[in-house]
Student: 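Here it is: the structure, laid out below.
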Amino acid sequence: MERDSTAGGAEDLLLEDTVSKLRAGSLHKHELAEAMEVEQEGLVEHQPLEQDDLNFEKWKPKPKPKRTLHEKIDDLKTYLWNAETKEFMGRSGKSWSLILLFYSALYIFLAAMFAGCMCCLMWSISPYAPTYNDRVMPPGMTMFPHVDVAHGFDVAFNASDRSSWRKYAKALEAHLKSYDDGVQDRRNINCEGNTYFMQDDLEESAERKACQFKRSWLGECSGMKDKDFGYSKGKPCILVKMNRILGYLPGQGTPVHVTCGVKKGSTEGLGEVQFFPENIFNLRYYPYYGKLRHVNYSSPLVAVRFPSVPYDTQLHVQCKLNGKGIINDSPTDRFLGSVSFTLQVGA
């Protein structure tokens, strides 16, 4: 038994030695192969270029052959409709159907979202009054006639030349049409006093009444006695008014009045200035409730007549609003509380 065990142990040792030698041999072969590969790569890197490799024309891309017009048309026809694959513009019928379905759903959703937003907006605001009205500026001022606003308010004419002042008379006549006495009698009510005409106790959508402002009250500047509004006599008339501001109460209980004078130069050069019916804006025409509720509202006017303007003299005239809460000297807005124009009368 001892002999057999000794023989078996010798065989095991011999087997282990053989395996270790084989492993060492394989590792040696592997290292040898790697060394040879590195050497070959080094030889390749240091191998000189041949003459054929220096021919750069060889590496240039070859030009594509020119296609004829007929070939291009055939390709276009194939792109539009490929009879072999049954594709239109490179897509099958199923692909086009999915695209149309996707974009139809997308735009329907966007349209519905926009309509919903508009409905919410219209539901939340009032058509009769602005939701926020806390930053309204004081009223501006404008004048008539203004024939060419692009070049400013200029009134220049010769009293003896009808063609030079006819445009001003036409503009005044057109503006005063809605102030005709008959029209005012039919549309508006006769008001008295000099206090605000408050109508806040009515429903929001109820129509508000408006006070009459008759054309005949403008006297010499009404165009009823003198169809030329004084231009043919060298005594022109102009109309001034305040801009409408919804809910605004001018003057804080005191009527706003108008003054006119020479902006540059001596005030005596303008001569006498007449106002019709008077130089104030009566409080009974305020507040203004907007177009939807104050349907027949007529803005009050102040007519200004210059009966003694010197001939052939250009005057820079400025008319101002004066009263509590009124701004008439803004350096940036020339129509805020005032209006300026040039006046030149020729014989």
Side-chain angles (χ1 to χ4, degrees), residues 37 41 44 52-53 55-140 142 146 148-151 174-175 177-178 187 199-210 242-248 287-299 330 332-336:
E37 289 180 1
E41 290 178 359
V44 171
D52 190 42
D53 295 331
N55 185 12
F56 296 105
E57 297 294 332
K58 172 184 176 181
W59 307 104
K60 288 185 178 180
K62 296 181 180 179
K64 297 181 180 180
K66 292 185 178 180
R67 301 167 63 202
T68 63
L69 179 61
H70 182 70
E71 291 175 341
K72 293 180 181 179
I73 294 175
D74 289 341
D75 290 343
L76 178 61
K77 290 180 179 179
T78 304
Y79 169 73
L80 295 176
W81 174 248
N82 193 329
E84 296 179 359
T85 58
K86 305 298 182 182
E87 291 180 346
F88 174 69
M89 297 182 68
R91 292 183 180 272
S92 63
K94 181 180 179 181
S95 177
W96 280 114
S97 300
L98 292 175
I99 290 175
L100 293 176
L101 179 63
F102 169 77
Y103 281 106
S104 299
L106 174 64
Y107 287 116
I108 290 173
F109 170 75
L110 293 176
M113 185 175 65
F114 176 76
C117 292
M118 291 301 297
C119 288
C120 293
L121 176 64
M122 298 305 295
W123 174 77
S124 63
I125 63 176
S126 171
Y128 305 104
T131 304
Y132 300 102
N133 197 24
D134 57 343
R135 299 191 66 178
V136 177
M137 294 292 292
T142 188
H146 50 82
D148 189 5
V149 182
H151 297 87
H175 184 71
K177 277 293 184 183
S178 60
R187 294 180 177 178
Q199 302 178 69
D200 294 335
D201 55 337
L202 301 177
E203 294 183 3
E204 185 181 31
S205 59
E207 182 177 341
R208 269 56 173 178
K209 296 179 180 179
M242 283 194 296
N243 294 342
R244 299 178 182 180
I245 299 178
L246 195 145
Y248 181 68
Y288 171 60
Y289 288 96
K291 291 183 178 180
L292 293 180
R293 294 181 292 182
H294 240 154
V295 180
N296 297 320
Y297 180 81
S298 299
S299 297
S330 173
T332 58
D333 190 349
R334 63 193 181 108
F335 296 110
L336 184 61

Student: Nearest 0.5 Å, what's the OG-CZ distance between Ser95 and Phe88?
Tutor: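 The CZ atom of Phe88 is 12.0 Å from OG of Ser95, to the nearest 0.5 Å.
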
Student: Looking at CZ of Arg187 and OG of Ser298, how far apart are the two atoms once the value is rounded to the nearest 0.5 Å?
Tutor: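 Rounded to the nearest 0.5 Å, the CZ-OG separation comes out at 7.5 Å.
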
Student: Students often mix this up, so state it plainly: with edges at 30° and 60°, are the rings of His294 and Tyr288 parallel, tilted or perpendicular?
Tutor: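 Ring orientation, 0 to 90° scale: parallel.
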
Student: Taking C-beta and beyond as the side chain, do Arg293 and Glu207 meet within less than 4.5 Å on heavy atoms?
Tutor: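 No, side chains not in contact.
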
Student: Output the distance between atom CZ (Phe102) and atom OH (Tyr107), rounded to the nearest 0.5 Å.
Tutor: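 Separation between the atoms: 9.0 Å.
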
Student: Does some side-chain heavy atom of Leu292 sit less than 4.5 Å from a side-chain heavy atom of Pro127?
Tutor: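 The answer is yes, as the side chains (C-beta and beyond) meet within the 4.5 Å cut-off.
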
Student: Closest approach of Ala206 and Arg208, non-hydrogen atoms and distance?
Tutor: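 Looks like O-NH1, 2.7 Å.
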
Student: If you measure from OH on Tyr128 to CD on Glu203, what distance do you get to the nearest 0.5 Å?
Tutor: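 Between Tyr128 OH and Glu203 CD, I get 10.0 Å after rounding to 0.5 Å.
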
Student: Using the side-chain contact (heavy atoms from CB on, under 4.5 Å) rule, take Asp74 and His70 through it: C-alpha gap first, then chi angles, then the decisive distance, then the call.
Tutor: CA-CA 6 Å; Asp74 289 341; His70 182 70; 3.2 Å; yes

Student: Give, for atom NZ of Lys66 and atom NZ of Lys72, the distance between the pair rounded to the nearest 0.5 Å.
Tutor: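 If we round to the nearest 0.5 Å, Lys66:NZ and Lys72:NZ are 10.0 Å apart.
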
Student: With rounding to the nearest 0.5 angstrom, report the NZ to CG distance, Lys77 to Leu80.
Tutor: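 It comes to 10.0 Å.
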
Student: Is the closest side-chain heavy-atom distance between Trp96 and Met89 below 4.5 Å?
Tutor: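 Yes, their side chains come closer than 4.5 Å.
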
Student: Could you pull out the closest heavy-atom pair between Leu246 and Ala129, with the gap in Å?
Tutor: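 The pair with the smallest heavy-atom distance is CD2-CB, 4.2 Å.
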
Student: Quick one, Leu202 and Gln199 - any side-chain contact, counting heavy atoms below 4.5 Å?
Tutor: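 Side chain of Leu202 against side chain of Gln199, heavy atoms only: contact under 4.5 Å found.
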
Student: Tell me, do Arg244 and Ser299 make a side-chain contact under 4.5 Å, heavy atoms counted?
Tutor: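 SC-SC contact between Arg244 and Ser299 confirmed.
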
Student: Taking side chain as C-beta onward, heavy atoms only, is Tyr248 less than 4.5 Å from Pro287?
Tutor: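 A side-chain contact under 4.5 Å is absent here.
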
Student: Can you check whether Lys86 reaches Asn82 side chain to side chain, under 4.5 Å on heavy atoms?
Tutor: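 Of all side-chain heavy-atom pairs linking Asn82 with Lys86, none is under 4.5 Å.
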
